[in-house]
Every structure is written in structure tokens, then in C-alpha cells.
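As C-alpha cells, the structure follows; a few thoughts come after it.
This structure is a prediction, so every number in the text was calculated from the model and none was measured. Each ligand, and each atom within it, is numbered from 1 in the order the structure gives. Only heavy atoms go into these numbers, but all of them, side chains included; no hydrogens, no water, no symmetry mates.
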Amino acid sequence: MNYEPTAKHGGKLIKIAPSILSADFRNLEEEIRKVEKAGADLIHLDIMDGHFVPNITFGPMVVNFIRLCTRLPLDVHLMIDNPDLYLEKFVEAGADYLTVHLEGNRHLHRTLTRIKTLGVKNGCVLNPATPFCLVKPVIGEIDLLLLMSVNPGFGGQKFIPSILDKVKEAKKFIRDNNLKIEIEVDGGVNSSAAGKVKQAGATILVAGDAVFKSRDYKKIIKELREG
Ligand code: DX5
Ligand code: ZN
């Protein structure tokens with residue numbers, strides 16, 4: 001599958017990943033088709049277990065149904081304890097990117113390399129309070145660095161601007177070391193935060209409320225990507 005954005009998106013290498021956490025779950029298939037048609041590059045799926053974060057969403061079965069609704073890559077963000085127990089299940093369900101949090105993971109290097117051997121892209125997620133330096137020992141193993149700009153658990157929270165320095169630090173490190181790692185930012189990304197996030201160096205923007213609570217998905221996706 002081609003993961004690069006095409007010229008129809010203005011030729012910019014910025015990808016927009018709507019988070020379905022904010023979608024109307026009564027019409028999930030329609031919502032997904034609508035964002036796909038509106039120019040989304042990935043579909044961001046938030047998996048929460050009520051332990052790692054104080055909220056519960058859905059598991060591999062629902063991911064599998066979503067796989068049947070779209071051809072877009074599925075960006076699966078695991079906010080669960082013991083992610084190792086479920087990696088195969090999410091890959092079988094159709095994940096294209098599988099991202100795991102650094103926090104609380106005792107064997108992060110093993111988890112990240114296992115995701116790769118399962119044949120999908122891996123990513124490491126840092127909460128707002130986690131410094132970039134902690135991911136350096138495993139950075140050579142990852143495809144994607146996901147920097148949270150809210151504390152995980154809920155959609156519709158306010159963007160935390162202090163993470164912009166972390167995005168810049170990560171971007172500089174990745175560039176200086178000639179690494180091929182995408183930087184994704186997740187949480188409270190709306191039209192006003194998007195510009196700063198891109199300026200700081202992120203190439204994938206997750207947006208839940210900003211997309212699904214807007215009336216015109218195409219307009220907001222364009223705005224987030226190009227504004
Ligand atoms: C928060 C999730 C986010 C969230 C983003 O725990 O990881 O993906 O759904 O939604 P907004 O853009 O509304 O903050
Ligand atoms: Zn997320």
C-alpha cells in the first residue's frame with residue numbers, strides 16, 4: 001500500500017489521521033467513508049482498556065470491521081496494559097501501524113521489534129510528561145514517533161502547547177541522525193494548533209473533534225493539512 005500523500009493533497013507531505021473516537025458510532029461506516037472521501041490519509045483508532053487510561057473503547061473485532069470499511073491505512077494507537085498480549089490480534093484485524101506507549105512498558109525494545117516482525121509499521125508513543133531522551137535507546141527500531149499533546153484517554157481535550165518543544169527536539173534529532181521516522185502529534189489538534197505542530201516538524205496530525213465535530217470534513221482536513 002502507498003503511504004505517501006499524493007499530489008491531490010497539494011503535494012505537501014503532511015498526513016491527516018482522523019480519530020474515530022469523535023465520530024458518530026451509530027453510523028461508523030458512513031463516517032469513515034466520508035473522511036476517506038474528504039481526503040484523510042489514515043484512520044486513527046484509539047484502543048483503551050480502562051487500566052492504562054481511565055476509559056474503555058474497542059478491541060480487535062471492531063478494528064476488523066473497520067478494516068472492511070476503508071482502504072486507508074489503519075493507525076492503531078494502543079493505550080492498554082500488556083500490549084504484547086494483543087499485538088498479533090491487532091495485526092490480524094488489519095492494523096497497518098501499531099503504536100505502543102513507552103510508559104509502563106518493561107520490554108519496549110522487544111515489543112517494538114516484535115511489531116516489525118509481524119509485518120506492520122511500529123510506533124512509540126510518549127505522553128506529554130515523558131521527555132524525548134527516554135526514547136533514544138530504541139529510536140533506531142521505530143517507524144513512527146507519536147507525541148501526545150493531551151493526556152491520553154479522551155477526545156476533545158485542550159492542546160498542550162509545551163509539547164511543541166519536544167516535537168522540535170525530536171525533529172532535530174531525527175534529521176541530525178539521518179533517520180527515517182515520521183512524527184505524529186495526537187490530541188487537541190485543531191486549525192489553530194495545526195500550523196504550530198507542522199512548523200515544529202510533525203508530518204502526521206491526528207484530529208478527532210476538529211474533524212468529526214465540523215460540518216465540512218473536506219474543508220477542515222484541507223485546513224489542517226495546508227493552513
Ligand atoms: C486521546 C486519543 C486521541 C483523541 C484525539 O487519548 O489518543 O487520538 O481521540 O481527539 P481530539 O483531536 O479530539 O483531541
Ligand atoms: Zn490516539
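For Met48, the closest heavy-atom approach to ligand 1 falls below 4.0 Å.
For the Zn ion (ligand 2), the nearest N, O or S atom contributed by His77 is named ND1. For Asp46, the N, O or S atom closest to the Zn ion (ligand 2) goes by the atom name OD1. Looking at Asp186, its N, O or S atom nearest to the Zn ion (ligand 2) turns out to be OD2.
A salt bridge is absent between Lys121 and Asp75: the closest approach of a Lys/Arg side-chain nitrogen to an acidic carboxylate oxygen does not fall below 4.0 angstrom. The pair Asp96-Arg67 meets the salt-bridge criterion, with a side-chain N (NZ, NE, NH1 or NH2) lying under 4.0 Å from an Asp/Glu carboxylate O. With salt bridges taken as basic N to acidic carboxylate O contacts below 4.0 Å, none links Arg110 and Glu141.
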Please assess Glu31 against Tyr217 for the test side-chain contact (heavy atoms from CB on, under 4.5 Å), listing each intermediate value before the final yes or no.
CA-CA 10 Å; Glu31 289 275 69; Tyr217 293 174; 2.7 Å; yes
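Residue contacts with ligand 1 for Ala207 involve N, CA, C or O but no side-chain atom from C-beta outward (heavy atoms, distance under 4.0 Å). Contact annotation for Asp46 and ligand 1: only side-chain heavy atoms (C-beta onward) come within less than 4.0 Å of the ligand.
Taking atom 1 (C) of ligand 1 as the reference point, the nearest protein heavy-atom neighbour is Phe154 O, 3.5 Å. Here the protein heavy atom with the shortest distance to atom 6 (O) of ligand 1 is Gly153 N, 2.7 Å. Nearest protein neighbour of atom 12 (O) of ligand 1, counting heavy atoms only, is Gly208 N, 2.8 Å. Counting protein heavy atoms only, atom 14 (O) of ligand 1 is closest to Gly188 N, 2.8 Å. In this structure, atom 13 (O) of ligand 1 lies nearest to the protein heavy atom Gly156 N, 2.8 Å. Looking at atom 5 (C) of ligand 1, its nearest protein heavy atom turns out to be Asp186 OD1, 3.5 Å.
In the model, Glu103 has a side-chain atom that pairs as donor or acceptor with a side-chain atom of Thr130 under 3.5 Å.
You'll find the side chain of Ser22 stays beyond 4.5 Å of the side chain of Val211, heavy atoms only.
Ring-plane geometry between His77 and His101 is classed as parallel, the angle between the planes falling under 30 degrees on a 0 to 90 degree scale with a further cut at 60.
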